[in-house]
Amino acid sequence: MKVVIIGASFAGVAAALEVRKKQSDAEIMLLDKQSTLGYIPNGLHLYWENKIDDLESAYFITKEQLGKQGIRYCLEASVEKIHTVHKTVDYLRHGQEVKIAYDKLIIATGSSQLSQKISGSSGESVLKYKRHHEAQAALAKMEASQSVTIIGAGQVGVEAADLLSQQKKKVTLIESMDYVLFKYFDRDMIQPLQQKMVEQGIKLRLNQTVSSITTDADKQVTVRFGNEAITSDTAILGVNVRPDLHFLDEHIQLHMDQTIAVDRYMRTSVEDVFAVGDCIQLTFGEDDDTVYIPLVNNAVRTGIVAAANLIQPERTFKGSLRTIGTSILGYYIASTGVTEAESLFTGQTVKAYRQEVRLTSLPDADTVTIKWLYDAASHVLLGAQMISTSNILEKINTVALAIQTKQTLEDLQQKDYFFHPSFTQMISATNVVSWLEARDDGNEN
Ligand code: FAD
């Protein structure tokens, strides 16, 4: 069986490794237009944080690791067309056109930092740095810049604003919503971090939609929004990523937003063609409705699911909870499942409960603020958000598992946990018991 995978990033590599595990004699070929393999998209942030010495260290897989698994790869191979009737793929490599045949095809071409709504956003002076070569260019440009305008206060934009303001750059962050990180947090939960951004000198321009970006002869970048404009040495595009699927043939069905439509087995509308990662929409939780959630964990998990279903449908995708965790401006923040703000648009009656819990039994114990979202009638957990100055990030994975397995608040109170005074208090922070709060600010409503 010849399996061709287009895209050798998280989704494509996960699919390749899982295919190898399941089909020891399959011929596996990964194609990617990049010249490097397995670059981690926020490598530049790791470098700015001094966590790595150079961008060369930001890799999640090596050629040797793939080689050991007998997985072939071809880099600098840009796929230009697929022919699903003849089961062939055309790609360009160093100016040469190459055609290869497949028995099973996995499309894992991901997404790029693109915006069709902001004119001028594709220009070189508007930095994007998901790929290794883009990050190298952005690094050089940023070192030579004193001021930067960041468009989009999502995870990428807010992390960049923090790291660049620590380098004493003049940072302006523009966001069309009325608070930062709105996809993952309710306003009340993210307020302390937003306040800290302002205190650190980051100029926040909320409720502003960027319309155009221009670069003048002196390479100064002007970002326009409403009747206003800001000019700086450079700009960063931190808005939603989008897939580029120009190489598909007419048989592959797309959603309105031009992502590939797949079922829960990651099958496209064409037999033997699968799609995974950032180029598809996913089910959110148990819902049948699909949404676009471009995150690494979804890329990896959909890659594994597609590989498991190549011969026959065996394993369904369990859905995404949009779980994230990061550290910004001295806060550790994490989120999974629905937010209170978005729950207003669902038919379900969702209740919120906020608590501040001490993390250890020691006199100087730090606290974590947790907001729980649950179904009013059944008490089934639907979402959670956390913020603390201690590293509580791993706790969000416990909560994500609880949501995936449909635990109620009462089930969580019975969750088994370890006690050690140095690391926990009498009860674990993720056991949702109200009588151990550090301060009674819960607002059950
Ligand atoms: P991608 O990583 O986009 O990879 C697709 C691959 O396909 C690329 O290598 C591309 O070159 C190749 N390709 C595309 N078209 C073709 C073609 N025609 N021919 C050949 N090859 C092609 N998510 C998180 O969960 N946590 C994070 O911390 C995080 N940080 C991020 C930081 C930044 C700056 C950005 C932009 C995104 C970040 N994300 C993060 C999102 C994350 O990068 C994506 O969800 C993830 O990379 C998706 O993996 P993928 O394999 O589906 O696609």
Side-chain angles (χ1 to χ4, degrees), residues 4-16 29-49 55 58-61 73-82 89-93 98 100 105-115 127-135 138 150 152 154-160 163 183-184 236-248 259-260 266 275-280 282 292-304 306 320-328 334-336 393 396:
V4 172
I5 303 172
I6 314 173
S9 181
F10 293 99
V13 167
M29 171 60 104
L30 275 164
L31 299 173
D32 202 298
K33 62 183 176 187
Q34 304 304 315
S35 57
T36 56
L37 179 79
Y39 175 69
I40 296 174
N42 47 0
L44 189 54
H45 290 187
L46 297 179
Y47 178 79
W48 283 336
E49 272 183 283
L55 294 176
Y59 284 90
F60 70 89
I61 189 97
Y73 55 84
C74 184
L75 300 180
E76 296 177 81
S78 178
V79 171
E80 300 301 317
K81 195 76 205 164
I82 63 171
V89 172
D90 298 345
Y91 64 88
L92 267 181
R93 187 155 194 266
V98 186
I100 54 166
L105 179 67
I106 302 178
I107 302 166
T109 47
S111 64
S112 308
Q113 290 160 290
L114 300 167
S115 170
L127 306 183
K128 301 111 193 159
Y129 45 82
K130 189 174 179 193
R131 312 274 174 235
H132 181 261
H133 68 280
E134 293 173 332
I150 303 171
Q155 192 178 335
V156 172
V158 173
E159 280 183 12
L163 296 168
K183 257 196 233 167
Y184 311 103
I236 292 175
L237 194 67
V239 296
N240 246 338
V241 289
R242 305 293 329 150
D244 171 9
L245 295 163
H246 69 278
F247 56 88
L248 296 182
T259 52
I260 300 175
M266 300 299 129
V276 293
D278 270 17
C279 61
I280 61 169
L282 300 161
Y292 189 54
I293 311 177
L295 286 176
V296 168
N297 94 63
N298 294 330
V300 172
R301 292 186 303 126
T302 53
I304 291 172
S320 171
L321 291 173
R322 205 180 42 211
T323 307
I324 63 130
T326 183
S327 169
I328 305 172
S335 162
T336 188
L393 296 184
I396 206 70

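Indexing begins at 1, ligand by ligand and atom by atom, following the structure's order.
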Counting each atom of ligand 1 from 1 as listed, which ones have a heavy atom of [X] under 4.0 Å away?
| X | answer |
| --- | --- |
| Ser78 | 19 (N) |
| Gly110 | 1 (P), 3 (O), 5 (C), 52 (O), 53 (O) |
| Gly277 | 52 (O) |
| Phe247 | 18 (N) |
| Gly7 | 6 (C), 7 (O), 12 (C) |
| Val296 | 23 (N), 24 (C), 25 (O), 42 (C), 45 (O) |
| Pro294 | 41 (C), 45 (O) |
| Ser111 | 3 (O) |

Check each heavy atom of [X] against ligand 1 and say whether those closer than 4.0 Å belong to the side chain, the backbone, both or neither.
| X | value |
| --- | --- |
| Pro41 | both |
| Gln113 | side chain |
| Val156 | side chain |
| Cys279 | neither |
| Arg131 | side chain |
| Ala77 | backbone |

Taking every non-hydrogen atom, the tightest pair across [X] and [Y]:
| X | Y | result |
| --- | --- | --- |
| Lys130 | Glu134 | N-OE1, 3.1 Å |
| Tyr292 | Asp278 | OH-O, 2.6 Å |
| Gly43 | Ala58 | CA-CB, 3.7 Å |
| Ser111 | Arg131 | O-NH2, 2.8 Å |
| Phe247 | Val79 | CB-O, 3.6 Å |
| Tyr184 | Arg322 | CE2-CG, 3.8 Å |

Going through the distances and angles, do Leu55 and Tyr47 end up as a side-chain contact (heavy atoms from CB on, under 4.5 Å)? CA-CA 7 Å; Leu55 294 176; Tyr47 178 79; 4.3 Å; yes
Does [X] use its side chain to pair, donor to acceptor, with the backbone of [Y] at less than 3.5 Å?
| X | Y | value |
| --- | --- | --- |
| Thr302 | Gly277 | yes |
| Lys81 | Leu248 | yes |
| Arg93 | Leu75 | yes |

Got the closest protein heavy atom to [atom], with its distance?
| atom | value |
| --- | --- |
| atom 21 (N) of ligand 1 | Lys33 N, 3.1 Å |
| atom 19 (N) of ligand 1 | Val79 N, 2.9 Å |
| atom 14 (C) of ligand 1 | Thr109 O, 3.2 Å |
| atom 51 (O) of ligand 1 | Ala11 N, 2.8 Å |
| atom 49 (O) of ligand 1 | Ala299 CB, 3.5 Å |
| atom 2 (O) of ligand 1 | Ser9 OG, 2.7 Å |
| atom 9 (O) of ligand 1 | Asp32 OD2, 2.6 Å |

In Å, rounded to the nearest 0.5 Å, how long is the span from OG of Ser78 to CD of Gln34?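 With rounding to 0.5 Å, OG (Ser78) is 9.5 Å from CD (Gln34).
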Gap separating the CE atom of Met29 from the CD1 atom of Ile100, nearest 0.5 angstrom: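 Met29 CE to Ile100 CD1: 5.5 Å, rounded to 0.5 Å.
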Using heavy-atom distances only, which candidate in Glu134, Gln34, Lys130, Arg93 approaches atom 3 (O) of ligand 1 most closely?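 Going through Glu134, Gln34, Lys130, Arg93 one by one, Lys130 has the nearest heavy atom to atom 3 (O) of ligand 1.
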Nearest heavy atom to atom 45 (O) of ligand 1: which of Ile324, Asn240, Asp278, Val276 does it belong to?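 It is Asp278 that holds the nearest heavy atom.
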For [X], is at least one N or O under 3.5 Å away from an N or O on ligand 1?
| X | value |
| --- | --- |
| His246 | no |
| Asn42 | yes |
| Leu295 | yes |

Any protein heavy atom lying closer than 4.0 Å to atom 39 (N) of ligand 1?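 Under the 4.0 Å cut-off, atom 39 (N) of ligand 1 has no protein heavy-atom neighbours at all.
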Answer yes or no: is there a side-chain heavy-atom contact under 4.5 Å between Leu105 and Ile6?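 They are in contact (side-chain heavy atoms under 4.5 Å apart), so the answer is yes.
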Option from Ile260, Ile106, Thr109 for which side chain to side chain contact (heavy atoms under 4.5 Å, CB included) with Val276 holds: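 For Val276, the side chain to side chain contact (heavy atoms under 4.5 Å, CB included) check succeeds only for Ile106.
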Of Thr323, Leu321, Leu282, which meets side chain to side chain contact (heavy atoms under 4.5 Å, CB included) against Ile293?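 Option passing the side chain to side chain contact (heavy atoms under 4.5 Å, CB included) with Ile293: Leu282.
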Do the rings of Trp48 and Tyr129 sit parallel, tilted or perpendicular, given the 30° and 60° boundaries?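 Plane angle over 60°, so perpendicular.
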